[in-house]
Peer 1: 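Below are the structure tokens for one structure; questions will follow.
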Amino acid sequence: MAIILSTALLGCIYVHPLTRILYLDHYYYTYAPKLKSISSLSLKPPRNSVRAASIMSYDKELATAKKACSLAARLCQKVQRALLQSDVQSKSDKSPVTVADYGSQAVVSFILEKELPSRSFSLVAEEDSGDLRKEESQETLQRITKLVNETLASDGTENVSLLSDEDVLTAIDSGKSEGGSFGQHWVLDPIDGTKGFLRGDQYAIALGLLDEGKVVLGVLACPNLPLQTSAGHVQHNVQDKVGCLFFAQVGTGTYMQSLDGSQPTKVDVSSTENAEDASFFESFEAAHSLHDLTSMIAKKLSIKAPPVRIDSQAKYGALSRGDGTIYMRFPHRGYREKIWDHAAGCIVVTEAGGVVSDAAGNPLDFSRGRYLDLDTGIIVTNQKLMPTLLKAVQESLKEKASSL
Ligand SMILES: Nc1ncnc2c1ncn2[C@@H]1O[C@H](COP(=O)(O)O)[C@@H](OP(=O)(O)O)[C@H]1O
Ligand SMILES: [Mg+2]
Ligand SMILES: [Mg+2]
Ligand SMILES: [Mg+2]
């Protein structure tokens, strides 16, 4: 009886099943930045929230995720430099999968599991070892194992014995989790923007952590993204220094540092309120997003600048530091978005002050398993501009539908 009564009184507080630490509803998390302890609160909690002993900190998870992504980026850079046609395999869905995809997934999976052993380990990742286990992939597998071992050894702190081919396959297959709304799940895209990677353009290693269905931390390693913020211009000169690591933890903002380890700096989304002064990002690949629809929306908003087309979640990273103001993504009919294509990017942008929603204005729901089932498209911008963008998107979608 006492338990029922206190539960009713407490309302939105609940006890985390793994840690038994009380923590607050997502709304309060998002709007009470930089607070580790509720006792130091000078803000008044929103009406639905109540005092709690502490806010969950994911510092250890974040440090490990940064290390894992940085090492995976090192592996990817090595492969991209020496990219040969034979690195590309054909998966049954015909999307290119490279030695680096598998190697990156093995490195991240191995490091997370080894360095955070006290947690029950769950990883939702894009790749699986199915094709690699085939007879004809023997040589490729050996190359991956060699790369993974060289990468782990290149980090002085990794005191590990050499991984066997089987260890590498096992690490890759740890990524088969279905995710969901209970407990913690890592979400990994070992190379997002495979097509950009193969072209020598932008790609990202994207790692997020879900806790009770919400993204609570995200890391984006973007090895080819220029370090210098360059409003609206992501194409860079050869002499520009490249390699960015974006990271965000719920309630603490978004930071960027160089992949080779400079001091992190806090980043914020663009404050542009005027749509016509905004610039917007979209996929490089027209097969991934309807360029004609975004151009219709841009026209409606009187956006003057041409679209900036780059691959991968590097778009979320660039947006989080104000390189552009809007990101729009409208896949062709029937395409189902996957959580690993947006989890890390989403928190990197929201912690930098942005908003990510579907075309109905709903936040993305990462709690339903491997897919993001959403209303048409994904749109991202700052809080001030979102209502205007949403209106233009909805009007354009209606016009497009009625013209069919
Ligand atoms: N037809 C399609 N429509 C929308 N997205 C697609 C797609 N085919 C593949 N993708 C996704 O688009 C991602 C790349 O995003 P972007 O277009 O922003 O560069 C791919 O990630 P991978 O490269 O990890 O497979 C893939 O998951
Ligand atoms: Mg893919
Ligand atoms: Mg991807
Ligand atoms: Mg990928």
Side-chain angles (χ1 to χ4, degrees), residues 69 72-73 75-76 79-80 87-109 123-129 131 172 175 186-208 218-225 234 280-294 307-319 323-324 326-346 348-349 356 358-359 364 366 370-374 376-380:
C69 290
L75 180 149
C76 296
V79 177
Q80 199 183 45
D87 285 326
V88 185
Q89 283 204 328
S90 181
K91 241 183 7 177
S92 39
D93 70 1
K94 301 285 179 230
S95 66
V97 171
T98 64
V99 167
D101 273 299
Y102 291 122
S104 169
Q105 182 157 322
V107 164
V108 173
S109 167
L123 174 67
V124 184
E126 182 179 5
E127 309 301 342
D128 68 65
S129 75
D131 288 353
I172 292 170
W186 290 99
V187 180
L188 171 68
D189 196 332
I191 291 188
D192 183 41
T194 319
K195 294 204 164 148
F197 177 80
L198 293 170
R199 263 189 264 107
D201 289 341
Q202 296 302 328
Y203 66 98
I205 293 94
L207 179 62
V219 176
L220 279 181
C222 306
N224 286 342
L225 196 69
V234 187
F280 76 95
F281 291 115
E282 65 182 342
S283 289
F284 182 94
E285 297 287 336
H288 294 181
S289 185
L290 298 164
H291 289 172
D292 57 342
L293 178 59
T294 51
V308 180
R309 291 182 176 145
I310 59 170
D311 303 278
S312 85
Q313 287 170 72
K315 290 187 278 296
Y316 284 105
L319 203 102
D323 284 7
I326 294 171
Y327 167 27
M328 295 188 270
R329 182 182 191 86
F330 295 99
H332 292 260
R333 185 182 283 274
Y335 181 77
R336 289 179 82 190
E337 294 281 4
K338 324 293 189 307
I339 58 171
W340 51 78
D341 278 325
H342 302 281
C346 188
V348 160
V349 162
V356 182
D358 67 13
L364 308 189
F366 291 92
R370 292 170 77 88
Y371 292 97
L372 271 177
D373 286 319
L374 41 77
T376 340
I378 294 177
I379 53 177
V380 188

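Every number for a ligand or one of its atoms is a count from 1 in the order of the listing. Bear in mind that the values here come from a model prediction, so they are computed numbers and not experimental data. Side chains included, hydrogens not; waters and symmetry mates left out as well; all remaining heavy atoms used. Counting from 1, the numbers follow the sequence of the chain as shown.
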Peer 1: Give the name of the N/O/S atom in Asp341 that lies closest to the Mg ion (ligand 3).
Peer 2: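 Of the nitrogen, oxygen and sulfur atoms in Asp341, the Mg ion (ligand 3) lies nearest to OD1.
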Peer 1: Any nitrogen or oxygen of Asp192, side chain or backbone, less than 3.5 Å from one on ligand 1?
Peer 2: yes
Peer 1: Need the ligand 1 atom indices (1-based, order shown) with element for anything under 4.0 Å from a heavy-atom of Gly193.
Peer 2: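 Once the distances to Gly193 are compared, the set is 22 (P), 23 (O), 24 (O).
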Peer 1: Quick check: Ile310 and ligand 1, any N/O pair under 3.5 Å apart?
Peer 2: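 In fact, backbone or side chain, Ile310 has no N or O that close.
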Peer 1: For Asp311, take its heavy atoms, then give the atoms of ligand 1 lying under 4.0 Å from any of them.
Peer 2: 19 (O)
Peer 1: Taking only heavy atoms of Ala287, which atoms of ligand 1 are found under 4.0 Å from at least one of them?
Peer 2: 1 (N), 2 (C), 3 (N)
Peer 1: At less than 2.8 Å, would any N/O/S atom of Asp192, backbone or side chain, sit next to the Mg ion (ligand 4)?
Peer 2: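 Short answer: no, not a single N, O or S atom is under the cut-off.
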Peer 1: Below 4.0 Å from ligand 1: does a non-hydrogen atom of Glu126 turn up there or not?
Peer 2: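 Heavy atoms of Glu126 do come under 4.0 Å of ligand 1.
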Peer 1: I'd like to check which ligand 1 atoms, numbered from 1 as shown, lie under 4.0 Å from a non-hydrogen atom of Asp189.
Peer 2: 24 (O)
Peer 1: Is there any N or O on Lys195 that sits under 3.5 Å from an N or O of ligand 1?
Peer 2: no
Peer 1: For ligand 1, which atoms sit closer than 4.0 Å to a heavy atom of Thr194?
Peer 2: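 Matching atoms, with element in brackets: 22 (P), 23 (O), 24 (O), 25 (O).
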Peer 1: Before signing off on this row, confirm whether Ser283 and ligand 1 have an N or O atom pair separated by under 3.5 Å.
Peer 2: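 Min N/O separation from ligand 1 is below 3.5 Å for Ser283.
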Peer 1: Around atom OH of Tyr371, are there more than 12 heavy atoms of other residues, nucleotides or ligands at under 6.0 Å?
Peer 2: no
Peer 1: Give the atom name of whichever N/O/S atom in Asp189 sits closest to the Mg ion (ligand 4).
Peer 2: OD1
Peer 1: Please state whether Lys315 comes within less than 4.0 angstrom of ligand 1, counting heavy atoms only.
Peer 2: yes
Peer 1: From Ile191, does some N, O or S atom reach closer than 2.8 Å to the Mg ion (ligand 4)?
Peer 2: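 Short answer: yes, at least one N, O or S atom is under the cut-off.
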Peer 1: May I ask whether Gln313 places a heavy atom under 4.0 Å from ligand 1?
Peer 2: no
Peer 1: Ignoring hydrogens and geometry beyond distance, is a side-chain donor-acceptor pair present between Arg329 and Tyr327 at under 3.5 Å?
Peer 2: yes
Peer 1: My understanding is that we take every heavy atom of each candidate and find the minimum distance to atom 13 (C) of ligand 1. Doing that for His342, Arg333, Arg329, Lys338, which one comes out nearest?
Peer 2: Arg329
Peer 1: Looking at the Mg ion (ligand 4), which N/O/S atom of Glu126 is the nearest one?
Peer 2: OE1
Peer 1: I'd like to know: is the Mg ion (ligand 4) within the 2.8 Å range of an N/O/S atom from Asp101, strictly under that distance?
Peer 2: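 So Asp101 does not count as coordinating the Mg ion (ligand 4).
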Peer 1: Any salt bridge between Asp311 and Lys195, counting N to O under 4.0 Å?
Peer 2: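 So Asp311 does not pair with Lys195 through a salt bridge.
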Peer 1: Has ligand 1 got any nitrogen or oxygen that is less than 3.5 angstrom from a nitrogen or oxygen of Tyr335?
Peer 2: yes
